[in-house]
Number of protein chains: 2
Amino acid sequence: MTLEMVAARAGVARQTVSNAINAPELLRPQTLERVRRAIDELNYRPHRAAQALRTRASRLIGYGIRPGAGRVASPVLDEFLHAISDAADRAGYRVVLFSAPQDEELDRYQQLLDEQGADAFVLSGTDRGDPRQAWLHKKGVPFVAFGRTWTGRDVGDWVDIDGAAGTAAAVRHLASLGHRGIGFLGWPRGSGAGDDRARGWHEAMRALGLPVRNRRVESPGDLGPATEAADRLLDGGATAVIAASDALAVGCYQALHRRGRTPGRDVAVVGFDDSPTATMLWPPLSSLAQPIEAVGRECVRLLLDRLNGVERPAEHVLLAPELVVRDSI
Amino acid sequence: MTLEMVAARAGVARQTVSNAINAPELLRPQTLERVRRAIDELNYRPHRAAQALRTRASRLIGYGIRPGAGRVASPVLDEFLHAISDAADRAGYRVVLFSAPQDEELDRYQQLLDEQGADAFVLSGTDRGDPRQAWLHKKGVPFVAFGRTWTGRDVGDWVDIDGAAGTAAAVRHLASLGHRGIGFLGWPRGSGAGDDRARGWHEAMRALGLPVRNRRVESPGDLGPATEAADRLLDGGATAVIAASDALAVGCYQALHRRGRTPGRDVAVVGFDDSPTATMLWPPLSSLAQPIEAVGRECVRLLLDRLNGVERPAEHVLLAPELVVRDSI
DNA sequence: GCTCCTCCTTGGAGCGTTCCAAAAACTGCT
DNA sequence: AGCAGTTTTTGGAACGCTCCAAGGAGGAGC
């Protein structure tokens with residue numbers, strides 16, 4: 001099925017059919033109608049490779065995945081991919097996956113560009129000093145990142161979760177219930193997202209005039225270490241705990257159980273991520289849900305700007321997580 | 001960067017460079033060497049769209065995702081996508097995502113075929129009577145499914161987790177520890193995977209001469225219902241419980257806690273899926289881990305056969321889950 | 001030195017689309 | 001009806017690659 005065949009059926013020239021699809025305003029209404037009917041009848045769809053060859057645009061968005069990272073990589077990747085793929089689809093783009101082992105990451109991006117296998121990229125799992133942003137920016141390749149580089153010198157568009165807004169909202173919610181001893185159970189300083197979430201807690205506490213001294217603890221790991229860190233908060237008399245992740249919140253649950261206390265009834269606990277685990281705990285864990293769907297949509301929106309040649313300074317979008325209240329409060 | 005430019009540099013004809021890449025055995029060693037050097041020096045990579053146009057093959061593998069399904073859709077999708085994308089990459093293929101809402105699913109597959117946006121498909125989330133397999137088979141489109149249709153009339157290749165082998169292994173493991181009252185906590189009859197897992201438990205029990213009467217319960221939902229179902233097993237004196245999923249196993253944990261009993265010490269509990277939640281529970285839940293990575297590799301292996309025109313009857317691969325023993329046993 | 005044969009290399013054509021410039025069909029006005 | 005100006009339609013060329021059939025180089029045999 002080609003343009004030529006549609007053209008024959010509609011009794012017009014090849015180019016006229018092409019125009020009917022790409023620039024319908026050029027056709028006389030009755031011609032357009034005739035061509036459209038032929039397209040429908042034949043169920044014609046343009047051949048993507050031919051379009052790509054001629055227009056030098058693949059209409060594909062590259063998404064590099066780091067093999068071996070396995071299930072720990074990013075628990076939300078799944079949903080994020082759904083979201084960007086869905087949003088891209090609506091704009092006529094598709095997401096193509098490629099493997100990008102960390103040691104030859106940039107080479108793989110280069111390869112995709114060389115073979116014109118993608119017009120743009122979506123990055124995720126960005127961490128402090130990720131080289132990809134600067135590299136892509138220098139090459140003038142459109143891209144958007146889910147996550148900041150935390151260097152303060154971001155050169156491209158990004159969308160991220162406003163961790164600070166999330167923890168701050170949790171603080172305010174807990175304070176409105178009468179809590180004054182609200183602790184923060186986080187990771188060691190140095191990680192961008194971790195520090196951000198801690199900051200939100202800290203600022204909201206100060207804004208409310210609540211004491212922060214000895215109310216912040218750091219856990220180097222998820223299970224045992226988190227339990228010990230939570231112990232310190234509880235020893236200090238905290239009546240509520242906000243954790244930087246659901247996994248850390250589980251540590252707090254353990255610490256409470258060991259003391260014969262019950263999350264929710266005795267001490268309020270709030271996690272972060274709203275992972276599937278949250279509803280499986282008892283009592284169900286309240287958590288800050290990341291609006292991943294919205295992140296994906298925003299990423300694609302920003303990317304489409306670039307793909308359409310819109311000139312504007314780098315845009316940064318922060319989306320606030322939503323506190324999902326369950327019985328742990 | 002085109003073939004022509006590489007040819008100019010190597011002092012040969014365009015076609016010779018193409019041969020150097022696609023049929024190196026046709027070239028005299030010294031010519032090949034010369035061409036290879038030119039390719040390296042210029043960092044040449046064939047333009048995928050041009051290749052696709054000429055060879056009528058996009059070297060893309062389509063993966064349809066059902067939008068809106070969200071995080072519940074498939075907890076393992078993430079890892080699976082990594083695996084197939086990685087394996088495909090090694091064979092020069094890439095995975096392209098497209099949205100396929102359930103109500104117009106086949107149309108979307110058709111669309112991709114019409115625009116030659118993919119040469120083959122990987123299906124997942126197949127359930128009883130999934131129409132996609134038969135449809136693709138009729139059209140002669142290469143595909144492979146992660147999961148059976150459970151109709152007994154599968155027309156194409158598939159790879160699946162051997163649920164029965166998993167639960168059977170769990171039964172044998174528990175029996176070897178001296179358990180005789182081993183219960184099965186499953187879903188209502190009618191789901192392919194659920195019945196399969198129940199069957200493995202049933203057959204292994206009988207093979208070991210252990211009683212199955214009143215040892216199988218069904219839970220229509222995850223949390224409350226699962227706890228009640230587990231209660232019935234415990235009332236019946238079961239000393240070990242094998243659950244059809246980690247979520248159900250959590251129900252069993254609840255039932256035990258309510259009775260003041262401890263999983264592992266008092267009653268052994270085994271889940272299925274080895275989800276991230278398993279390690280976050282206390283005590284850490286033993287579970288049957290699905291070899292998703294291997295499933296992905298096998299899927300791609302089968303698919304490549306078809307893409308390379310290998311003629312053979314449909315092949316079905318069953319991969320056994322691995323029992324990950326933690327403190328809940 | 002010539003022919004014949006084999007092995008290697010080459011130019012032309014075409015995949016299906018869009019760009020471009022030119023032709024054709026209209027329109028309104030004399 | 002004829003003309004200029006505008007709108008609509010058209011055919012040729014090109015994107016970068018691989019297929020195909022034909023050309024050239026080199027070696028064996030006379």
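Order of the sequence lines fixes the chain letters, A, B, ..., with proteins taken first and strands second; residue numbering starts at 1 for each chain.
- Atom CD in E115(A) sits roughly 14 Å away from atom C1' in dC17(D) (whole-Å rounding).
- With E315(A) as reference, R301(A) is the one residue of E298(A), R301(A), R306(A) to meet the side chain to side chain contact (heavy atoms under 4.5 Å, CB included) rule.
- For dG12(D), the base has a donor-acceptor partner in the side chain of R14(A) [N/O atoms by modelled type, under 3.5 angstrom].
- Comparing A50(B) and I21(A), the nucleotide of DNA chain C nearest to each residue sits closer to the 5' end for A50(B).
- Taking atom CZ of R28(A) as the reference point, atom P of dT6(D) lies 18 Å away to the nearest angstrom.
- Side-chain atoms of Y44(B) and T2(B) form no donor-acceptor pair, as typed in the model, at a separation below 3.5 Å.
- One finds no side-chain N or O of N19(A) lying less than 4.0 angstrom from the OP1 or OP2 phosphate oxygen of dT18(C).
- Each of A13(A) and R56(A) has a nearest nucleotide on DNA chain D; the 5'-most of these lies closest to A13(A).
- None of D157(A), L302(A), I61(A), L123(A) except one satisfies the side chain to side chain contact (heavy atoms under 4.5 Å, CB included) rule with F143(A); the exception is L123(A).
- Checked against a 6.0 Å centroid threshold, the rings of F80(B) and F146(B) count as neighbours.
- When the P atom of dT17(C) is taken as reference, atom CZ of R45(A) falls 13 Å away, rounded to whole Å.
- The listed nucleotides are dT18(D), dT17(C), dT18(C); the one nearest the side chain of Q51(B) is dT18(D).
- Within the 4.0 angstrom heavy-atom criterion, base atoms lie near Q15(B).
- We find that CG of L53(B) is positioned 13 Å from C1' of dT18(C), with the value rounded to whole Å.
- Put simply, CD on Q116(B) is 8 Å from P on dG16(C), counting in whole angstrom units.
- In this structure, D114(A) atom CG and dG16(D) atom C1' are separated by 14 Å, rounded to whole Å.
- There is a side-chain donor-acceptor pair under 3.5 Å between Q290(A) and D273(A).
- Applying the 3.5 Å distance criterion, the base of dT18(D) shares a donor-acceptor pair with the side chain of R54(B).
- Taking side-chain N and O atoms only, S18(B) has no distance below 4.0 Å to OP1 or OP2 of dC17(D).
- Nucleotide dT9(D) holds its C1' atom 15 Å from the CG atom of L3(A), rounded to whole Å.
- The phosphate of dT9(D) has OP1 or OP2 within less than 4.0 Å of a side-chain N or O from T31(A).
- One finds a side-chain N or O of T16(B) lying less than 4.0 angstrom from the OP1 or OP2 phosphate oxygen of dT10(C).
- Look at CG on L27(A): it is 21 Å from P on dT6(D), rounded to the nearest Å.
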